[in-house]
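Presented below is the structure to which this report refers.
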Amino acid sequence: MNHDDPTADLTDRWLVEAVRDDVEPDSDVERLISSISSGLAAVRRPARRLAADAPGVWVSDRVVKQLIAVSVRRSIGRLVVFASVDGAEDHVDAVRMGLVARYADDLVDLSERVRDVVDEVLTSTIGPDVSGPARSEISVRWQDLYTREWLD
């Protein structure tokens with residue numbers, strides 16, 4: 001990929017834009033989206049090809065992350081601010097997620113629901129065999145809406 005190409009895909013700006021859905025977020029969420037995406041315009045990185053169960057089939061890590069973000073937003077109703085599909089070369093060994101929490105959230109329950117959604121996306125996009133290691137290593141972190149601090 002030519003990093004000087006103006007049509008080159010921006011890093012994860014699409015991730016923030018993809019989860020905006022038809023419903024506009026409240027002003028606090030809008031400020032968080034703006035703060036996350038404001039510095040992304042100049043950052044670019046090439047997409048990574050991921051192996052799939054079907055021989056000769058490759059899936060872009062960007063496609064997988066976008067499907068995860070959209071699926072989590074629609075199923076759980078929480079904004080995904082970070083998604084990482086980790087692994088060496090074309091393998092996926094783990095998935096890391098960062099989401100916006102609300103004060104009344106049961107984060108343990110929501111984290112399990114997020115893991116279930118990510119599991120479904122990985123199974124449907126790259127297959128149950130290749131995604132097996134990653135589906136057992138899905139970590140979910142939550143970010144406070146107001147302070148933007150990561151919760152422990």
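Along the sequence shown, the residues carry numbers beginning at 1.
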Starting from W150, can I reach Y103 by hopping between I/L/V/M/F/W/Y residues whose side chains sit under 4.5 Å apart? yes
Considering all heavy atoms of both residues, which atom of A88 and which atom of D93 are nearest to each other, and what is their separation? N-OD2, 3.9 Å
Closest non-hydrogen atoms of V81 and Q143, given as atom of the first, atom of the second and distance, are CG2-OE1, 3.7 Å
Heavy-atom distance under 4.5 Å between the side chains of P128 and R135, does that happen here? yes
So how far is it from S71 OG to Q66 CD, rounded to the nearest 0.5 Å? 10.0 Å
N-O pairing of R48 and D90 below 4.0 Å: no
Would you compute the distance between atom CG of L107 and atom CH2 of W142 and round it to the nearest 0.5 angstrom? 6.0 Å
Atom CG of D119 and atom CD of E112: how far apart are they, to the nearest 0.5 Å? 11.0 Å
Heavy-atom pair of closest approach, residues V59 and A52: CG2-CB, 4.4 Å
For R113, the side-chain contact (heavy atoms from CB on, under 4.5 Å) test, sequence neighbours excluded, returns I76, D109, L110
Side chains of F82 and L99: closer than 4.5 Å at any heavy-atom pair? no
Contact between V64 and L122 at the side-chain level, heavy atoms closer than 4.5 Å - yes or no? yes
Please give me the minimum heavy-atom distance between G127 and S131, naming the atom from each residue. O-OG, 2.6 Å
For L151 and A101, work out which heavy atoms get closest and say how close. CD1-CB, 4.0 Å
Looking at R96 and S139, what are the two nearest heavy atoms and their distance? CG-OG, 3.3 Å
pair D86-V95: side-chain heavy atoms closer than 4.5 Å: no
Can you tell me how far apart NE2 (H91) and CD1 (I126) are? Round to the nearest 0.5 Å. 10.5 Å
Partners meeting side-chain contact (heavy atoms from CB on, under 4.5 Å) with S124 (sequence neighbours left out): none
Taking the basic N atoms (NZ, or NE/NH1/NH2) and the acidic carboxylate oxygens, is any pair closer than 4.0 Å for R78 and D105? yes
Check against side-chain contact (heavy atoms from CB on, under 4.5 Å), V117 and I68: CA-CA 7 Å; V117 171; I68 288 171; 6.0 Å; no
I'd like to know if L50 and V63 are part of one continuous hydrophobic network [Ile/Leu/Val/Met/Phe/Trp/Tyr, side-chain heavy atoms within less than 4.5 Å]. yes
Does P133 offer a backbone N or O that forms a donor-acceptor pair with the side chain of S136 under 3.5 Å? yes
Hey, what do you get for CG (L145) to CG (L79), rounding to the nearest 0.5 Å? 9.0 Å
How long is the gap from CZ on R115 to CD on E137, to the nearest 0.5 Å? 10.0 Å
Does the side chain of V80 reach to within under 4.5 Å of the side chain of R73, using non-hydrogen atoms? no
